[in-house]
Chemist: 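Below is one structure. I have some questions about it.
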Amino acid sequence: MKQTLFRTGVALMMTCGFALQAQAQEAPTRAQRVAELANLEQAGYNPTESSPAYPSDLSAAEQKVAARNGVTRVADGAPVGTPPSGTVQR
């Protein structure tokens, strides 16, 4: 009986931890996405142009925006630092 209660308690604590972590990661708003797209377009990315070099074009624009914002990237491409939220670089 004690083992069942212990296992239930551990499972409950783990579930609460996952729920709190999921709440901490908010999805970006529409305004944030529009600002991100505007920054990419200013860096030379054209989303309406069909290009065979699509992934590399987008990647190059992301790198330009990251360099402009002072964000460095590690080998896998993940951002190390991010600019303050709600700012739009023009």
Chemist: Testing the basics here: between Leu40 and Leu58, what is the closest heavy-atom pair and its distance to 0.1 Å?
Modeler: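 Scanning both residues, the minimum pair turns out to be CD1-CD1, 3.8 Å.
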Chemist: Would you compute the distance between atom CG of Asp57 and atom CD of Glu62 and round it to the nearest 0.5 angstrom?
Modeler: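 Rounded to the nearest 0.5 Å, the CG-CD separation comes to 11.0 Å.
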Chemist: Please name the pair of heavy atoms, one in Ala61 and one in Ala43, separated by the smallest distance, quoted to 0.1 Å.
Modeler: O-CB, 3.7 Å
Chemist: Establish whether Tyr45 and Val34 are linked, either directly or via other cluster members, by ILVMFWY side-chain heavy-atom contacts under 4.5 Å.
Modeler: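 Different hydrophobic clusters.
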